[in-house]
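Values in this document were obtained by computation on a predicted structure and should not be read as measured data. Numbered from 1 within each chain, the chains take letters A, B, ... in sequence-line order. We use all heavy atoms of the structure for the numbers below, so side chains are in, but hydrogens, waters and symmetry mates are not.
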Number of protein chains: 2
Amino acid sequence: MATTRRQLPPRPETAARRREILAAALEIFGAKGYNNGPLAEIAEQVGMTHAGILHHFGSKDRLLVEVLRYRDESDVEGIEGQHIPGGTELFRHLIRTAFANEERPGIVQAYAVLSAESVTDSNPGREYFEDRYRVLRGEVAEAFRAMCAERGVDDPAHVERAATSVLAVMDGLQVQWLLDPTQVELAATSAFAIEAIALQALDPRPSPFDA
Amino acid sequence: MATTRRQLPPRPETAARRREILAAALEIFGAKGYNNGPLAEIAEQVGMTHAGILHHFGSKDRLLVEVLRYRDESDVEGIEGQHIPGGTELFRHLIRTAFANEERPGIVQAYAVLSAESVTDSNPGREYFEDRYRVLRGEVAEAFRAMCAERGVDDPAHVERAATSVLAVMDGLQVQWLLDPTQVELAATSAFAIEAIALQALDPRPSPFDA
DNA sequence: AGTAACTTACAATGCAGTCAGTAAGTAGCA
DNA sequence: TGCTACTTACTGACTGCATTGTAAGTTACT
């Protein structure tokens, strides 16, 4: 048995280099999809060969999950975590995010493409998106419950559905906006829909469709 | 010049055979995505080689656009076209569709995957989805205007946004439902959200987030 | 007789991942 | 401080596989 000193720490520049790769991968995967986005193109963008990327991340699958995590962190201000804003603060934050998103179509496209692609057979990003939606639904629902409590609403019947709907409408609007930005106002429509859903959750009115 | 009778009519069974292929392609593309869904797998499902499929459709790109058109026709009852139901009928139809969709996850997945994939670079389905959303938005907006008129609402300020939101929430819910059907009620949540959006469009209340 | 509806065989890419090798950094030690 | 041993961070070449499209041949309908 040798006195093995195996496993040296990574070099100081390595962390920055990895972030470069993750940013490039987010761009390529966003533009062309995960399946259709070759490692070689990502490599080219950071001045490397595709083998160099595999050296850092092991496989394309693992690169994707790291890209998704990276996107969370680099997201302007992480929605989740932190102080869990009590009442209306989370919703204001969601609407601000929608406004910010109008200035970064690349990120929006990456998210829209990769989340939908994640439902396909044996996609490596699936677990990430399952977890993400579960966490986000929980946080939005919690914010709804806080608002209900503040306003003395006892029976928050539709809190779960409202939370799910808020996230759904934001995602769905992104796809329509990406397809035709001249016809869809991403932020203004997000704000309208979120308000509509919140109002119905906090203070329900009868359905306009029942005869 | 020979008395060429070039171009013989297709044989009687051909139309049915093509439909078989389209159905198989919809299933494969839905399950694995367009880029990741090989022709060979579609061919296998209809008992053919991939060259046989290319004989019928010429290229994979052209197959996709025909698949998308086919999906419209085979959709239980086409939302668009026909009699353009005057008032609340369209919304009831949308909600019924959401209930029907809970029984056919394959179709839902195909739609979710292919619509998101269509925003990627040079995707052959893009034009189809652009057109489709434009048409659907117009029809839903028209239905909103009809409801406003029936109820004597003069200023339908948010009709366009409401129409966009209704479609968006339905699409977004599908993705969440596909990721975790045990946590998301597709139809019930669709109904809740559509009602919330419709109520706010027909009879707006002030935002709960101001002040 | 001619063509539709295929099949088999093949051409041409594109792509992830492996492997051996190289240059440069770092740790331990004299 | 300088030397040695080992590791990281790559490159280039290659393998192997998957995949779309084409071309030529076969069968059977009309």
Salt bridge flag under 4.0 Å for residues A/Arg134 and A/Asp131: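 Yes, this pair counts.
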Is any NZ, NE, NH1 or NH2 atom of the basic residue among B/Arg62 and B/Glu66 found under 4.0 Å from an Asp or Glu carboxylate oxygen of the other?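 Judged by the 4.0 Å cut-off on N to carboxylate O distance, B/Arg62 and B/Glu66 do not form a salt bridge.
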Can you list, by residue number, the residues of residues 31-61 of chain B that have a non-hydrogen atom closer than 4.0 angstrom to DNA chain D?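 Contacting residues: B/Gly37, B/Pro38, B/Leu39, B/His50, B/Ala51, B/Leu54, B/Ser59, B/Lys60.
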Report yes if a side-chain nitrogen or oxygen of A/Arg17 is closer than 4.0 Å to either non-bridging phosphate oxygen (OP1 or OP2) of D/dT8; otherwise report no.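 So the side chain of A/Arg17 is outside the cut-off, no N or O lying under 4.0 Å from OP1 or OP2 of D/dT8.
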Will you find, in the side chains of B/Glu117 and B/Asn123, an N or O donor that is under 3.5 Å from an N or O acceptor?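 No, because no side-chain N or O of B/Glu117 sits under 3.5 Å from a partner of the opposite role on B/Asn123.
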Sorted by first residue and then second, give each ring pair (Phe, Tyr, Trp, His ring centres under 6.0 Å) pair with at least one member in residues 26-48 of chain A; sequence neighbours left out.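 Found A/Phe29-A/Tyr34.
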Looking at every heavy atom in both B/Ser207 and A/Glu195, which two are closest together, and how far apart are they?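 Shortest heavy-atom separation between B/Ser207 and A/Glu195 comes out as OG-OE2, 3.1 Å.
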Can you measure B/Arg62 atom CZ to D/dT20 atom P for me and round it to whole angstrom units? 15 Å
Separation of D/dT20 atom C1' from B/Leu64 atom CG, nearest Å, is 15 Å
